[in-house]
Amino acid sequence: QVQLVESGGGLVQAGGSLRLACAASGRTFSRYRIAWFRQAPGKEREFVAGISLSAVITKYADSVKGRFTISRDNARNSVYLQMSSLKPEDTAVYYCAADDRLSPSTSGYDYVHWGQGTQVTVSS
């Protein structure tokens, strides 16, 4: 079992940056693949970025490639999402999710553990 807590959200102007963190408690964090999803009001949840157990494999949604970077620090039981060149359309609640399989999946149905989310608002 792993518990996830997101932090780092907030209000930022377009073009700005934010760094989200996902802190995990529980054992064997290094055995979990982690992904970030987001959900904007009135829209479906969408995949943002994912990272494999040892950080060898990363995946990104086309909409964030080149602007967002996912990383993990297994010693600190944490995963990060560095977001740059933010756009108003990045406004959403961001969630981290975990599952104990190898490679990151882009489907939310493949993740068992979820955090409560952190709000990111990008003003124009």
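Because the structure is a prediction, the values reported are computed rather than measured. Counting from 1, the numbers follow the sequence of the chain as shown.
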| query | What do you reckon, is CD of Gln116 surrounded by more than 12 foreign heavy atoms closer than 6.0 Å? | reply | no

| said: Main chain of Ile57, side chain of Ser52: is a donor-acceptor contact present, judged purely on distance under 3.5 Å? | reply: yes

| For the residue pair His113 and Leu4, what are the closest heavy atoms and their distance? | O-CD1, 3.5 Å

| message | If you count every heavy atom of other residues, nucleotides or ligands that lies below 6.0 Å from Arg101 atom CZ, does the total exceed 12? | response | yes

| request: Assess Arg72 against Phe29: is NZ or CZ under 6.0 Å from the centre of the six-membered ring, and within 45 degrees of the ring's axis? | output: yes

| field | Minimum heavy-atom distance Trp36-Glu6, with the two atoms named | value | CZ3-CG, 3.8 Å

| query | Which pair of heavy atoms, one from Thr58 and one from Ile51, lies closest together, and at what distance? | reply | CG2-CG1, 3.8 Å

| query | Sub-3.5 Å donor-acceptor pair from the side chain of Ser63 to the main-chain atoms of Ala61, do we have one? | reply | no

| task | Looking only at non-hydrogen atoms, find the nearest pair between Ala98 and Val2 and report the distance. | result | CB-CG1, 4.1 Å

| Do you know the tightest heavy-atom contact between Arg45 and Tyr109? | NH2-N, 4.3 Å

| remark: Between Arg33 and Leu53, the two heavy atoms sitting closest are N-CD2, 3.2 Å

| Within the distance-only criterion (no hydrogens, no angle test), does the side chain of Lys59 pair as donor or acceptor with the backbone N or O of Ala49 below 3.5 angstrom? | no

| query | Regarding Ser123 and Gln13, is there a side-chain donor-to-acceptor distance under 3.5 Å anywhere? | reply | no

| Any luck finding a side-chain donor-acceptor pair between Asn74 and Ser30 under 3.5 Å? | no

| said: Which label fits Trp114 and Phe37: parallel for a plane angle under 30°, tilted from 30 to 60°, or perpendicular past 60°? | reply: tilted

| message | So does Ile70 get a backbone contact from the side chain of Tyr60, meaning a donor-acceptor N/O pair under 3.5 Å? | response | yes

